[in-house]
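Below, each value reflects all heavy atoms present in this structure, side chains not excepted, and no hydrogens, waters or symmetry copies. In what follows, chains are A, B, ... by sequence order, proteins preceding strands, each numbered from 1.
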Protein chains: 2
Amino acid sequence: MELNERKLKILEAIISNYLDTAEPVGSRTISKNYDLGISPATIRNEMSDLEELGFIMQPHTSAGRIPSDKGYRLYVDMILSAKYDSPKHLSYVEALLNKAGRIETLLQDIVSVLAKETNLTAIVSTPQYSKCKIKNIQLIELESQKVLAVIVTDGNMANNYVLEINEDMDQRMLNKLSFILNNQLHGLNVEEINLPLIEKIKAFAGNQDEIIGKVLEVVFQAVHNNEDTEIYTSGAINMLRLPEFSDLEKATSIMETLDKKDYIRQLLLNDFDGESIETDGVKIKIGSENNNEDMKDCSLITTTYHIGGKPLGVIGLIGPKRMDYQSAILSLRCLIKEIEKRMNDS
Amino acid sequence: MELNERKLKILEAIISNYLDTAEPVGSRTISKNYDLGISPATIRNEMSDLEELGFIMQPHTSAGRIPSDKGYRLYVDMILSAKYDSPKHLSYVEALLNKAGRIETLLQDIVSVLAKETNLTAIVSTPQYSKCKIKNIQLIELESQKVLAVIVTDGNMANNYVLEINEDMDQRMLNKLSFILNNQLHGLNVEEINLPLIEKIKAFAGNQDEIIGKVLEVVFQAVHNNEDTEIYTSGAINMLRLPEFSDLEKATSIMETLDKKDYIRQLLLNDFDGESIETDGVKIKIGSENNNEDMKDCSLITTTYHIGGKPLGVIGLIGPKRMDYQSAILSLRCLIKEIEKRMNDS
DNA sequence: GTTAGCACTCATTTGTGTGGAGTGCTAACA
DNA sequence: TGTTAGCACTCCACACAAATGAGTGCTAAC
């Protein structure tokens with residue numbers, strides 16, 4: 001048995017209706033609301049076939065049908081392969097992007113706006129530190145035996161570290177050290193810093209090598225720490241208002257999952273292999289495709305953003321499987337365009 | 001009718017039992033579980049009096065009694081005026097505090113640990129920027145016409161700002177400007193920066209006054225922005241597991257409230273007048289005392305932390321009215337001691 | 001002043017019946 | 001051979017009634 005055009009139309013009708021109502025869809029509903037020119041009985045026969053093919057299922061006998069993950073997958077693939085429609089212009093995002101500021105703040109703002117617009121949960125990972133280019137390092141005097149190291153990378157991401165050293169240093173001396181550090185490190189990828197390089201730089205610094213060592217150590221730690229990317233989340237609350245989580249048990253469970261930064265990080269960066277050329281970079285994982293019990297009623301839409309041509313971070317949306325994929329994908333696609341336009345000319 | 005000792009004991013029994021079970025407490029329960037040596041009938045008479053006095057109430061006829069806000073107030077005041085018991089040592093906090101780092105990260109970590117320990121929602125406001133002393137200002141070259149200003153204040157709080165200027169400057173020049181800025185601003189309160197001062201500094205800077213003006217402008221904006229303090233929250237999810245929020249409607253509502261940073265900020269800083277000498281600085285607002293519908297089933301415990309003798313921020317716990325005040329207060333008191341010990345010798 | 005006894009109240013639980021939405025099957029029809 | 005009307009059947013959802021039980025207030029006796 002194959003999936004002919006009529007079956008496909010019925011499947012689309014079922015999914016479309018289910019996205020709206022969150023209720024199982026019956027044959028009569030389709031016959032009435034979708035102009036397919038066939039009777040409920042015929043539709044029932046087709047539905048029976050669609051169920052056998054695995055695209056829809058019945059919560060219980062004598063209920064309507066709901067899409068299965070396989071059904072959603074077909075539907076989503078059709079959307080993904082379709083042409084863009086009316087790329088909407090996100091004026092508020094542009095406003096955000098034009099505000100000079102730190103990339104962390106920017107990403108937090110973006111995620112917050114995205115969550116509000118889509119009524120979904122928006123998540124983003126900050127650029128992977130280890131893959132960023134070093135732009136500038138400055139040491140700043142704090143107090144006796146304490147120094148602040150500010151490391152600026154691509155996209156004007158600034159990381160601050162407090163270093164404890166065994167010597168007092170004034171700002172003039174620190175400026176000198178900063179100069180040496182910059183000479184040696186400017187333009188390098190963070191992960192390119194290695195032991196020979198460190199020795200070489202220490203030699204330059206002469207007897208001030210302790211603080212130089214500390215700085216490099218901090219950079220090292222950040223790189224080898226698998227949390228070299230932060231996760232920002234917004235709009236988890238939106239899940240609470242959905243009928244799929246009207247059971248408190250489920251609601252609590254999904255909120256807990258969304259609260260686990262480590263889990264979300266892993267989810268986002270999971271198969272972030274750095275070369276996702278797929279349909280405009282938008283990836284979708286539906287329900288059980290996420291390989292996680294708590295996410296089995298949710299879908300994840302992700303896309304990567306690039307700086308200087310390199311994919312550095314991921315922006316995504318988490319929503320119920322029953323979410324409006326069309327508009328979510330569109331939002332994400334347009335957003336990413338605006339972001340990349342901005343980041344790559346800055 | 002006055003509140004004699006026996007009535008007080010019964011009230012305590014009711015509250016204590018209610019804290020445990022979240023169920024209305026009946027006369028028989030008290031008679032059985034608390035060794036007061038009187039029969040349920042007698043207890044019923046006393047309860048009737050306690051209700052008349054406003055300390056307890058009945059959800060409906062033929063139900064047991066639950067404490068009223070007035071009852072909780074009495075109970076909490078007794079705890080507050082009691083002596084410390086066994087000030088527990090918070091080894092994990094000490095570990096956090098010994099880790100050199102930015103104060104923002106530190107506060108985020110503390111709030112997260114506090115929430116985990118108490119199973120409540122922990123909140124903290126960062127030091128009020130306007131009341132902080134400036135320690136160091138450094139300008140860092142980013143790219144053509146863009147400069148990063150790092151402003152370090154008390155407690156090693158570092159704020160980064162991206163400035164756009166109309167001129168290219170190299171790091172050497174920026175170091176010079178930083179030197180001038182530091183000479184003029186070091187040791188001042190952020191809010192002490194005023195127009196005459198700005199003019200004076202501009203004169204020093206000569207033809208480089210644009211960037212100097214920008215920096216001062218940014219500081220100004222931060223001060224006059226009433227959001228010159230950030231709010232960090234952790235553990236809101238803990239509320240979802242409580243029986244008082246087993247109704248999804250209520251659960252959603254409290255989660256939404258806790259998600260509103262502006263509201264929480266206002267709640268925290270509400271009567272933060274800078275001179276709370278009350279019982280070790282711990283303030284408690286019970287239910288309707290918070291003057292907010294969404295908080296009527298919650299209590300808020302707050303305490304301020306000081307840097308250099310000045311109260312700069314607030315740490316607090318939000319939980320159900322039925323929370324374990326004793327242990328929450330203790331946690332907060334011990335925490336604040338550790339924090340102040342650390343911040344004031346740094 | 002305290003307590004046992006008792007009638008009364010009311011939320012909660014349990015059981016039962018009904019309505020309705022939807023299906024699958026069969027037989028008739030184009 | 002594909003489509004459709006008709007019909008029996010299933011099962012959830014909801015409403016309603018009855019039973020349960022925790023707890024009270026009152027009264028009368030101690």
Exercise. Name every residue in residues 30-43 of chain B that has at least one heavy atom under 4.0 Å from any atom of DNA chain C, in order of residue number, or write none if there are no such residues.
Key: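 DNA chain C contact set from residues 30-43 of chain B: Ile38(B), Ser39(B), Ala41(B), Thr42(B).
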Quiz item: Between the side chains of Tyr263(A) and Asn292(A), is a donor N or O closer than 3.5 angstrom to an acceptor N or O?
Solution: yes
Tell me the interatomic distance from [X], atom [atom1], to [N], atom [atom2], rounded to whole angstroms.
X        : N       : atom1 : atom2 : result
Ile66(B) : dA22(D) : CD1   : C1'   : 16 Å
Met57(B) : dT24(D) : CE    : C1'   : 17 Å
Glu52(A) : dT23(C) : CD    : P     : 16 Å
Met47(B) : dG23(D) : CE    : C1'   : 9 Å
Arg44(A) : dG22(C) : CZ    : C1'   : 8 Å
Glu23(B) : dT12(C) : CD    : C1'   : 11 Å
Ile14(A) : dG22(C) : CD1   : P     : 12 Å

Considering only [options], which nucleotide approaches the side chain of [X] most closely?
X        : options                   : value
His60(A) : dC11(D), dG22(C), dT24(D) : dC11(D)
Arg6(A)  : dG6(D), dC26(D), dT3(D)   : dT3(D)
Thr61(A) : dT10(D), dT24(D), dT23(C) : dT10(D)

Listed pairs, N/O of protein and of nucleotides 17-20 of chain D, under 3.5 Å:
none

Quiz prompt | Salt-bridge present (Arg73(A), Asp77(A); N to O < 4.0 Å) | solution = yes
Quiz item: Any salt bridge between Glu23(A) and Arg322(A), counting N to O under 4.0 Å?
Solution: no
Exercise. Would you please confirm or rule out a distance under 4.0 Å between OP1 or OP2 of dT23(C) and any side-chain N or O of Arg65(A)?
Key: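 Yes, because at least one side-chain N or O of Arg65(A) sits under 4.0 Å from OP1 or OP2 of dT23(C).
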Between [X] and [Y], is there a donor-acceptor pair closer than 3.5 Å when you use the side chain of the first and the backbone of the second?
X         : Y         : value
Thr252(A) : Leu248(A) : yes
Ser331(A) : Ser327(A) : yes
Asp259(B) : Ile237(A) : no
Ser125(B) : Val314(B) : yes

Quiz prompt | cation_pi(Lys70(A), Phe55(A)) dist<6.0 Å, angle<=45 | solution = yes
Practice problem: May I ask you to decide if the ring planes of Tyr75(A) and Tyr325(A) are parallel, tilted or perpendicular, using 30° and 60° as cut-offs? | Solution: perpendicular
Exercise. State which residue, out of Thr118(A), Leu120(A), Ile318(A), Ile284(A), fulfils the side-chain contact (heavy atoms from CB on, under 4.5 Å) condition with Ile301(A).
Key: Ile284(A)
Self-check item: Among Ile38(B), Ile43(B), Leu11(B), the one residue meeting side-chain contact (heavy atoms from CB on, under 4.5 Å) with Arg6(B)
Solution: Ile38(B)
Quiz item: Going by modelled atom types, is there a donor-acceptor pair between the base of dG23(D) and the side chain of Arg28(B) at under 3.5 Å?
Solution: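 Side chain to base: no pair present.
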Exercise. Could you pick out which residue, Pro24(A) or Asn45(A), lies toward the 5' side of DNA chain C when each is mapped onto its nearest nucleotide?
Key: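 It is Pro24(A), whose closest nucleotide lies nearer the 5' terminus.
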Exercise. For DNA chain D, just give me the dot-bracket, please: Watson-Crick or G-U, both distances below 3.5 Å, ( ) intra-strand, [ ] crossing earlier pairs, | paired with another strand, . unpaired.
Key: ||||||||||||||||||||||||||||||
Exercise. Sort out for me which residue in Glu52(B), Glu12(B), Glu2(B), Glu46(B) forms a salt bridge (charged side-chain N to carboxylate O under 4.0 Å, His left out) with Lys7(B).
Key: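 Among the candidates, only Glu46(B) passes.
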